[in-house]
Amino acid sequence: MPIGIMSAMREEIETLIHEIEVSDKVIKGMRSYYKGNLWGKDVVLVFSRWGKVASATTATHLITDFNVDEILFTGVAGAVNDTLKIGDVVIGDPLYQHDMDASPLLEPFEVPLLGKKYFETDPLRNQLLSEASSRFLSDIRSHFESGVPEAFGIEDPKNLIGPVASGDQFISKRTQIERIGSELPGVLCVEMEGAAVAQVCYEYHVPFNIVRTISDKANDNSHIDFPKFATDIASRYARGIIKNYFRP
Ligand code: ADE
């Protein structure tokens, strides 16, 4: 059965579409699903669009219509932890929905009826992704024209496995980041899809993993050059890490 690869960045999926031997393209619910072979593996590629609803519906289609038996999400994230720098890689585990709050009926962050405040990702695949990412980062300059990583302030990027918080908000204000950092201590970065896809995968018993490249510090500058970062940096990260993951 194929591996579903999804991204909330069109640029990342387009880079992978250039590499896939496409066997079929299916349009459903305003998404294009590309079936085919990518570096020796059966895959379905899809650009999910942004946010929890967009990504949850896309993940559901991947599982129920395309029979994927594993979902891998790639994308960018804003750093919450001060030690993270632009260009670092976070492999998410576990994933919180930072905007889930049914209190006083339930505890903050608890997902109704599941009794869970977070979703875990597949541990073995996280190790394989971490190795794939470390290999990519150790040789990062070979994937870019000279000076491109440095132009984005990327010098000596590192790779971590750790908690990620998702919500339907682009985080760019100090008050937002302080709330998330204090209510969910240990969270490394924020994004807008991971925990929603993780919930779908949990409910369907499908292994889930997620790789995020730090694109910004979730502050006043977080929107600057966002599309350029996706095209010039994040799509090369996605390509390099997934290629290493498929060909250890
Ligand atoms: N994805 C990348 N940067 C982000 C941010 N600052 N907030 C939410 N999602 C993001």
Side-chain angles (χ1 to χ4, degrees), residues 5-15 46-56 58-59 71-101 109 118-119 121 133 149 151-154 157-199 208-238 241:
I5 302 181
M6 52 191 293
S7 176
M9 304 302 296
R10 187 193 290 282
E11 295 82 353
E12 290 187 9
I13 286 298
E14 275 172 359
T15 298
V46 58
F47 161 51
S48 69
R49 306 184 175 197
W50 294 13
K52 294 196 308 175
V53 173
S55 57
T58 309
I71 291 185
L72 174 62
F73 195 106
T74 77
V76 296
V80 176
N81 183 297
D82 279 345
T83 66
L84 283 176
K85 296 201 262 180
I86 309 287
D88 288 348
V89 173
V90 173
I91 294 163
D93 187 54
L95 294 144
Y96 294 90
Q97 297 181 11
H98 68 72
D99 54 357
M100 175 60 76
D101 187 359
F109 310 114
Y118 55 80
F119 297 94
T121 48
S133 169
F152 286 85
I154 301 172
K158 58 186 176 302
N159 157 70
L160 298 170
I161 301 180
V164 173
S166 316
D168 283 320
Q169 294 163 5
F170 187 81
I171 306 293
S172 61
K173 295 188 202 78
R174 182 184 289 271
T175 47
Q176 290 173 296
I177 205 85
E178 281 174 357
R179 184 190 72 80
I180 294 169
S182 70
E183 293 181 0
L184 291 170
V187 160
L188 297 176
C189 60
V190 283
E191 38 83 310
M192 299 178 66
E193 297 83 20
V197 178
Q199 179 177 341
F208 175 60
N209 296 86
I210 180 161
V211 184
R212 292 281 187 181
T213 304
I214 299 300
S215 57
D216 58 83
K217 298 266 196 158
N219 58 17
D220 301 347
N221 294 326
S222 48
H223 59 290
I224 291 174
D225 271 349
F226 202 68
K228 193 162 166 51
F229 187 90
T231 312
D232 293 1
I233 303 290
S235 51
R236 303 268 177 122
Y237 269 62
I241 294 170

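Each ligand, and each atom within it, is numbered from 1 in the order the structure gives. This is a predicted model, so every value here is computed, not measured. One-based numbering along the sequence shown. These values consider heavy atoms only, across backbone and side chains, with no hydrogens, waters or symmetry-generated copies.
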When you measure from the side chain of [X] to the backbone N and O of [Y], does any donor-acceptor pair fall under 3.5 Å?
X      : Y      : value
Glu193 : Lys52  : no
Ser48  : Ser55  : no
Asp99  : Asp168 : yes

Candidate pair Ile210 and Glu191, rule side-chain contact (heavy atoms from CB on, under 4.5 Å), full reasoning: CA-CA 11 Å; Ile210 180 161; Glu191 38 83 310; 3.4 Å; yes
Sub-4.0 Å atoms of ligand 1 with respect to non-hydrogen atoms of [X]:
X      : result
Met192 : 8 (C), 9 (N)
Ser215 : 2 (C), 3 (N)
Gln169 : 8 (C)
Ala218 : 6 (N)

Phe170 to ligand 1: N or O pair under 3.5 Å?
no
Note: Ile171, heavy atoms under 4.0 Å from ligand 1, region reported as both
Under 4.0 Å between heavy atoms, the region of Ala77 that gets near ligand 1 turns out to be backbone
- Relative to the ring of Tyr96, is the ring of Phe109 parallel (under 30°), tilted (30 to 60°) or perpendicular (over 60°)? perpendicular
CD1 of Ile214 to CD1 of Ile154, rounded to nearest 0.5 Å, is 11.0 Å
